[in-house]
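This report concerns only the one structure given below.
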Amino acid sequence: RVLTRLRFLRDGRNLSEFSYELALDRWHLGFAKISARSIAHELNLHWHRIELLLEQMASDLSAIRMQQDLEMGEAVQRLFLPKTKSGRVGDTAFRVVFQPYGPMSGDWFQWYQSSKGLLIAIGDVVGKGPSAALNTAVIAAVWKQCQEEAHEPERLLATMNAIVFGLFEGKQNTTVSLAWVDQKNYTLVRAGSPPWFLGGQNGMKRLPVKVTNPVGMLEEFSCQSHHGEWQPGDCLLAFSDGVIEGHQATQRLCAEYQHHNNPDDNFLALEAAARTAGEASVLPDDFTLLMLQYAPKSYYSISNCYRES
């Protein structure tokens with residue numbers, strides 16, 4: 001398939017000598033006049049050049065296909081992830097900082113507004129690259145199936161677990177940090193994810209939300225929700241392990257929140273505190289930060305945070 005022509009032309013003056021031309025579709029390998037005795041040696045040399053060219057072609061083709069896979073995975077992921085990363089639902093403001101490390105992310109986020117409140121979650125699927133992007137698309141599809149159970153986070157995650165485990169039989173799974181907010185009340189769940197934090201006028205503290213297995217890891221799944229009531233101005237914070245990882249880093253987060261505290265824009269303060277606390281504790285990875293604030297109209301001093309982006 002590669003070789004297009006190989007010609008031997010006998011020289012009229014010397015019957016022991018031949019001229020030959022060897023060419024490929026896109027490379028001309030030369031025209032030479034050689035003796036019959038050395039033709040085999042010369043062909044071997046040229047064949048070596050052909051092999052090198054074929055290896056380069058295979059490498060280039062592999063790189064092209066990989067780039068195409070990355071572009072396709074990125075497009076699929078953009079299709080399934082929400083276009084809006086911040087906004088306001090009732091008295092709750094939210095913002096998601098979503099920064100993939102590469103063209104595609106193993107992290108994901110989803111949110112859903114119902115007549116009763118706001119359901120919002122972030123997570124991190126197993127794997128990297130195109131397979132991770134595909135898994136985030138699956139999670140998005142499963143999420144949409146489970147939205148009717150938004151006001152029951154435990155039941156919602158159990159349904160998600162049954163679907164994901166049924167599809168992948170434990171080979172693929174995802175962490176989940178999920179919040180259901182209904183005015184002054186919130187419900188939090190952790191499935192293999194980092195802790196939840198609550199920030200307010202008295203500083204930041206880690207919330208006692210019990211952690212369970214990631215969704216899709218085991219056939220049997222159970223989780224325990226944490227219920228709380230927040231005050232105007234309070235913020236809830238969750239993040240992926242690409243933001244902060246390790247006990248010491250989470251301790252630094254509480255200290256950094258005090259340092260970066262900004263009453264006019266608590267979301268900005270939360271993000272600055274998280275970045276500073278985690279900068280020395282994590283390797284390059286996807287960065288996903290979920291922030292919520294209870295901000296009734298009587299506490300509307302951070303209106304800049306509510307604009308959709």
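This one's a predicted model, so the numbers in the text were calculated from it and none came from an experiment. Every heavy atom of this structure was used, including side-chain atoms; hydrogens, water molecules and symmetry mates were not.
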**Report entry** Flag side-chain contact, heavy atom, 4.5 Å: Leu253 against Arg206
**Finding:** no
**Report entry** Any donor-acceptor N/O pair, Trp143 side chain to Val138 backbone, under 3.5 Å
**Finding:** no
Requested in this report: Answer yes or no: is there a side-chain heavy-atom contact under 4.5 Å between Ile120 and Val89?
Outcome: no
Query raised in the report: Less than 4.5 Å apart, any side-chain heavy atom of Asp285 and any of Glu245?
Result: no
Report summary line: Heavy-atom nearest pair, Lys184 first then Tyr294, reads CG-OH, 2.9 Å
Report task. Evaluate the side-chain proximity of Leu157 to Met160: yes if any heavy-atom separation is below 4.5 Å, no if none is. Result -> yes
Report task. Flag the pair Leu81 / Phe98 as yes when at least one side-chain heavy-atom distance between them is below 4.5 Å, and no otherwise. Result -> yes
Query raised in the report: Shared ILVMFWY cluster between Ile163 and Phe165, side chains joined below 4.5 angstrom?
Result: no
Report task. Taking all heavy atoms of Trp108 and all of Thr175, pick out the closest pair and write down the distance. Result -> CZ2-O, 3.8 Å
Name each donor-acceptor pair under 3.5 Å that joins a side chain in residues 189-197 to protein atoms two or more places apart or in another chain, with its distance.
| residue | atom | partner | partner atom | Å |
| --- | --- | --- | --- | --- |
| Arg190 | NE | Ser193 | O | 3.0 |
| Arg190 | NE | Pro194 | O | 3.2 |
| Arg190 | NH1 | Val209 | O | 3.0 |
| Arg190 | NH2 | Ser193 | O | 2.8 |
| Ser193 | OG | Val176 | O | 3.0 |
| Ser193 | OG | Ser177 | OG | 2.8 |
| Trp196 | NE1 | Val189 | O | 3.3 |

Report summary line: Taking every heavy atom of Leu289 against every heavy atom of Ala274, the minimum-distance pair comes out as CD1-CB, 4.0 Å
Requested in this report: Verify, without hydrogens or angle tests, whether Trp111 (side chain) and Thr84 (backbone) share a donor-acceptor contact under 3.5 angstrom.
Outcome: yes
Query raised in the report: Can you name the residues that form a salt bridge (charged side-chain N to carboxylate O under 4.0 Å, His left out) with Asp91, not counting sequence neighbours?
Result: Arg88
Query raised in the report: So, does Asn161 use its side chain to make a donor-acceptor pair with the main chain of Gly216 at under 3.5 Å?
Result: yes
Query - Test side-chain hydrogen bond (donor to acceptor under 3.5 Å, both in side chains) applied to Lys205 - qualifying residues, sequence neighbours left out - result: none
Query raised in the report: Do Ser240 and Asp124 have side-chain atoms, one donor and one acceptor, less than 3.5 Å apart?
Result: no
Query raised in the report: Within the distance-only criterion (no hydrogens, no angle test), does the side chain of Asp286 pair as donor or acceptor with the backbone N or O of Gly106 below 3.5 angstrom?
Result: yes
Requested in this report: Would you indicate whether Gln99, at its atom CD, is surrounded by more than 12 heavy atoms from other residues, nucleotides or ligands within a distance under 6.0 Å?
Outcome: yes
Report task. Please round to the nearest 0.5 Å and tell me the distance separating atom CD1 of Ile244 and atom CZ of Phe287. Result -> 8.0 Å
Report task. Indicate yes or no: at least one non-hydrogen side-chain atom of Tyr186 is less than 4.5 angstrom from one of Leu198. Result -> yes
**Report entry** Note, Leu119 side chain near Leu178 side chain (heavy atom, < 4.5 Å)
**Finding:** yes
Report task. Please identify each residue that fulfils salt bridge (charged side-chain N to carboxylate O under 4.0 Å, His left out) with Glu169, with sequence neighbours left out. Result -> none
**Report entry** Gap between atom CD1 of Ile139 and atom OG1 of Thr174 - 0.5 Å precision
**Finding:** 5.0 Å
**Report entry** Minimum heavy-atom distance Lys116-Asp182, with the two atoms named
**Finding:** O-OD1, 3.0 Å
Requested in this report: For residues Val181 and Trp230, determine if any side-chain heavy atom of one lies less than 4.5 Å from a side-chain heavy atom of the other.
Outcome: yes
Report task. Specify the closest pair of heavy atoms between Gln172 and Val164, including all atoms of both residues, with the distance to one decimal. Result -> O-CG1, 3.8 Å
With a cut-off of 3.5 Å and sequence neighbours excluded, list every side-chain donor-acceptor pair involving residues 217-228.
| residue | atom | partner | partner atom | Å |
| --- | --- | --- | --- | --- |
| Ser225 | OG | Glu154 | OE2 | 3.0 |
| His227 | ND1 | Thr187 | OG1 | 3.1 |

**Report entry** Rounded distance [0.5 Å steps], CG in Asn266 versus CG in Leu237
**Finding:** 11.5 Å
Query raised in the report: Any idea which heavy atoms bring Asp234 and Gly200 closest together, and the distance?
Result: OD1-CA, 3.6 Å
Query raised in the report: Is Ile122 reachable from Val211 through a run of I, L, V, M, F, W or Y residues, each pair having side-chain heavy atoms under 4.5 Å apart?
Result: no
Requested in this report: State which residues pass salt bridge (charged side-chain N to carboxylate O under 4.0 Å, His left out) with Glu271; sequence neighbours excluded, sorted by chain then number.
Outcome: Arg95, Arg275
